[in-house]
Amino acid sequence: MAADRRIVIEDCAIATVDADDTEYPSGHVVIADHRIESVGAGAPPEGLENVVRRIDASGHLVTPGLINTHHHFYQWITRGLATDHNLFDWLVALYPVWARIDEPMVRAAAQGSLAMMARGGVTTAMDHHYVFPHGCGDLSGAIIGAARDLGVRFTLARGSMDRGEKDGGLPPDFAVETLDGALAATEETVRQHHDSSFDAMIQVAVAPCSPFSVSTELLREGARLARRLGVRLHTHGSETVEEEKFCHELFGMGPTDYFESTGWLGEDVWMAHCVHMNDADIAAFARTKTGVAHCPSSNARLAAGIARVPDMLAAGVPVGLGVDGTASNESGELHTELRNALLINRLGAHRERALNARQALRLGTHGGAQVLGRAAETGSLEPGKLADLVLWRMDTLAHASIADPVTALVFGAAAPVTASFVNGRQIVEDGRLLTADEDAIARSTRDAAQRLAKIAAQD
């Protein structure tokens with residue numbers, strides 16, 4: 001193929017995470033402009049033109065970039081609070097603080113969240129933002145601007161809430177929107193920012209927050225809006241036993257049946273958590289190809305329980321990994337989720353056969369691409385796919401004595417990222433961002449957290 005510039009990565013171990021889980025103990029990857037041109041064993045093809053860089057990747061494992069399928073960026077500036085709470089108590093404690101966010105705070109928090117993920121191997125991120133206090137500014141624009149600046153592929157799940165305290169919900173009334181206002185603002189965000197092209201860097205999904213913070217009308221009309229606009233749908237589902245009890249008391253059915261009654265099952269839908277799912281729920285997700293964002297660290301932090309990921313995978317449910325908001329997962333990076341998904345699921349019914357290292361890596365790469373509707377474009381290393389990939393250094397003290405690099409990556413300590421590419425552009429080198437000043441971001445997030453805490457303390 002003709003290409004203006006090629007980058008050749010050679011002498012590396014490769015885990016392609018393709019349909020056959022093809023791996024090469026020593027191989028090469030060629031990037032041609034924004035796409036992967038070739039992946040294979042041994043040396044790269046000879047006679048390549050317009051090679052602008054050759055990378056000797058000996059001692060490295062190359063994988064697809066990690067894909068985060070659930071997050072709340074704004075929570076970066078409320079980390080370390082309510083550390084001994086379950087979900088509902090945690091929300092009651094933090095909603096009054098979150099209801100005071102504004103555009104500068106959200107931009108700083110988005111920069112912090114994205115920077116932490118990107119330097120740890122994430123190439124595609126998403127943010128489920130649903131808190132829009134009155135007069136807060138252009139929060140969606142701030143989040144998308146931060147993603148563009150850092151060079152990460154990104155999906156904004158434009159969230160909403162219309163069930164405030166006066167209607168029996170948890171958030172303060174001034175932090176929720178009206179039904180019509182939420183739908184109109186969501187449609188405008190899609191029309192302004194969503195890109196449906198193959199190599200899109202920014203996409204938008206329709207994402208009412210959860211069954212207990214939105215009306216049935218907002219769920220139903222949100223689904224209709226998303227399908228009219230041709231975008232995906234996202235929400236929280238079956239996270240806790242309290243949520244299940246709430247749904248039975250208010251709607252006379254469990255969360256999955258309620259979601260199906262409002263049009264919220266389908267191959268264009270993915271839901272976060274899905275911890276409390278019975279056999280019928282899993283069968284419904286499998287039948288409709290509804291996706292799941294598995295968030296093991298957050299589920300443990302909030303004592304929500306152990307999601308039945310092995311059973312979901314066996315049934316054919318698409319499953320990816322999510323960091324979740326950093327008020328319930330303070331580390332804020334996805335490599336932790338590879339390891340914790342494997343270890344926490346081994347505490348469940350399937351024990352040591354629950355997940356293995358390669359299944360965990362697939363959840364964090366190809367599984368995430370499936371959940372975000374982008375498996376044709378990214379999530380595996382194959383010719384023609386987008387050049388989103390990571391070089392993990394595996395020859396340091398942390399990993400050198402583990403013979404299998406995939407086992408080392410998943411079971412071991414967080415591996416150093418020597419290079420991370422998004423759309424063929426390098427955004428990380430030797431564990432540091434190339435597209436932003438990490439120290440400046442750290443200062444701005446600290447200042448934003450202090451300002452928010454001061455404002456919240458005055459109420």
Side-chain angles (χ1 to χ4, degrees), residues 70-102 105-106 109 113 127-134 136 139 157 159-178 182 207-216 218-219 234-251 254-255 258 271-276 295 297-305 322-330 332 448-459:
H70 186 65
H71 209 317
H72 308 294
F73 289 175
Y74 73 91
Q75 292 181 15
W76 187 264
I77 55 175
T78 59
R79 294 191 295 166
L81 304 178
T83 56
D84 302 309
H85 293 52
N86 65 28
L87 176 65
F88 276 23
D89 291 343
W90 177 81
L91 289 171
V92 169
L94 290 176
Y95 264 137
V97 180
W98 295 337
R100 301 301 179 184
I101 60 174
D102 59 23
M105 291 180 194
V106 167
S113 298
D127 182 32
H128 184 192
H129 189 89
Y130 51 83
V131 181
F132 291 90
H134 301 169
C136 60
L139 303 191
S160 52
M161 300 185 292
D162 68 340
R163 188 193 294 274
E165 288 177 316
K166 68 179 177 59
D167 297 317
L170 298 177
D173 290 329
F174 65 83
V176 303
E177 300 172 279
T178 65
C209 181
S210 66
F212 51 84
S213 61
V214 307
S215 65
T216 298
L218 182 51
L219 275 179
H234 180 59
T235 193
H236 296 87
S238 301
E239 185 172 359
T240 66
V241 291
E242 292 84 4
E243 178 190 334
E244 185 170 10
K245 180 180 178 182
F246 175 92
C247 287
H248 276 287
E249 289 178 351
L250 199 62
F251 311 123
Y258 175 61
M271 297 190 195
H273 303 294
C274 299
V275 175
H276 297 278
C295 306
S297 295
S298 177
N299 293 345
R301 161 76 148 79
L302 296 173
V323 168
D324 204 4
T326 49
S328 66
N329 177 6
E330 277 72 6
Q450 291 174 346
R451 185 164 72 89
L452 177 58
K454 184 177 179 180
I455 293 171
Q458 294 172 349
D459 292 338

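All residue numbers refer to positions in the sequence shown, counting from 1. Keep in mind it's a predicted model, so treat the numbers as computed, not measured.
- Between His273 and Ser298, some side-chain heavy-atom pair lies under the 4.5 Å cut-off.
- Between Asn86 and Leu302, every side-chain heavy-atom pair lies at or beyond the 4.5 Å cut-off.
- Here the straight-line distance linking atom CD of Gln75 with atom CG of Asp324 works out to 6.5 Å at 0.5 Å rounding.
- Going from atom SG of Cys209 over to atom CG of Leu91 covers 8.0 Å, rounded to the nearest 0.5 Å.
- Two residues are said to be in side-chain contact when any heavy atoms from C-beta on lie closer than 4.5 Å; Thr78 and Leu452 meet this criterion.
- Look at Arg163 and Asp173 and you find no salt bridge, because none of the NZ, NE, NH1 or NH2 atoms lies under 4.0 Å from a carboxylate O.
- Aromatic ring centroids of His129 and Phe73 lie 6.0 Å or more apart.
- Closest non-hydrogen pair, Val275 versus Ala304, comes out as CG1-O, 3.6 Å.
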Met271 vs His70, side-chain contact (heavy atoms from CB on, under 4.5 Å): CA-CA, chis, key distance, verdict: CA-CA 9 Å; Met271 297 190 195; His70 186 65; over 6 Å; no
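- Glu330 contributes a side-chain N or O that, together with a main-chain N or O of Gly80, makes up a donor-acceptor pair within less than 3.5 Å.
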Criterion salt bridge (charged side-chain N to carboxylate O under 4.0 Å, His left out) on Asp84 and Arg301, from CA distance to verdict: CA-CA 8 Å; Asp84 302 309; Arg301 161 76 148 79; over 6 Å; no
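- To the nearest 0.5 Å, atoms SG (Cys295) and NE2 (His236) are separated by 7.5 Å.
- Once rounded to the nearest 0.5 Å, the distance linking OG of Ser238 with CD of Glu243 reads 5.5 Å.
- Aromatic ring centres of His128 and Tyr130 lie closer together than 6.0 Å.
- At least one side-chain heavy atom of Phe212 sits under 4.5 Å from a side-chain heavy atom of Leu87.
- Here the straight-line distance linking atom CE of Met161 with atom CG of Leu218 works out to 10.5 Å at 0.5 Å rounding.
- Contact detail for Leu139 and Pro133: the closest heavy-atom pair is CD1-CD, 4.4 Å.
- The two atoms that bring Val241 and His276 nearest to each other are CG1-CE1, 3.4 Å, heavy atoms only.
- For an aromatic pair to be called close, the ring centres must be under 6.0 Å apart, and Trp98 with Trp76 fails this.
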side-chain contact (heavy atoms from CB on, under 4.5 Å) evaluation trace for His71 with Ser113: CA-CA 9 Å; His71 209 317; Ser113 298; 4.0 Å; yes
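- Contact between Leu94 and Ala327 at its shortest, heavy atoms only, is CD1-CB, 4.1 Å.
- Remark: aromatic rings of Phe88 and His85 are distant, center separation not under 6.0 Å.
- Here the CZ atom belonging to Phe246 is positioned 8.0 Å from the OG atom belonging to Ser210, to the nearest 0.5 angstrom.
- Counting all heavy atoms, side chain and backbone alike, Ile455 lies closest to Met105 at CD1-CE, 3.7 Å.
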Step-by-step side-chain contact (heavy atoms from CB on, under 4.5 Å) determination, Asn329 to Val323: CA-CA 7 Å; Asn329 177 6; Val323 168; 3.6 Å; yes
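- Residues Val214 and Ser160 come closest through the heavy atom pair CG1-O, 3.3 Å.
- The shortest side-chain heavy-atom distance between Thr83 and Trp90 does not fall under the 4.5 Å cut-off.
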Derivation and outcome, side-chain hydrogen bond (donor to acceptor under 3.5 Å, both in side chains), residues His72 and Asp127: CA-CA 5 Å; His72 308 294; Asp127 182 32; 5.1 Å; no
CA sep, side-chain torsions, deciding dist, call: Leu219, Tyr258, side-chain contact (heavy atoms from CB on, under 4.5 Å): CA-CA 10 Å; Leu219 275 179; Tyr258 175 61; 3.5 Å; yes
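- A donor-acceptor pair is defined here as one N or O able to donate and one able to accept, closer than 3.5 Å; such a pair exists between the side chain of Ser328 and the backbone of Gly325.
- Counting heavy atoms from C-beta outward, Gln450 and Ile77 have side chains that stay 4.5 Å or more apart.
- The closest donor-acceptor contact from the side chain of Asp162 to the backbone of Ser215 lies under 3.5 Å.
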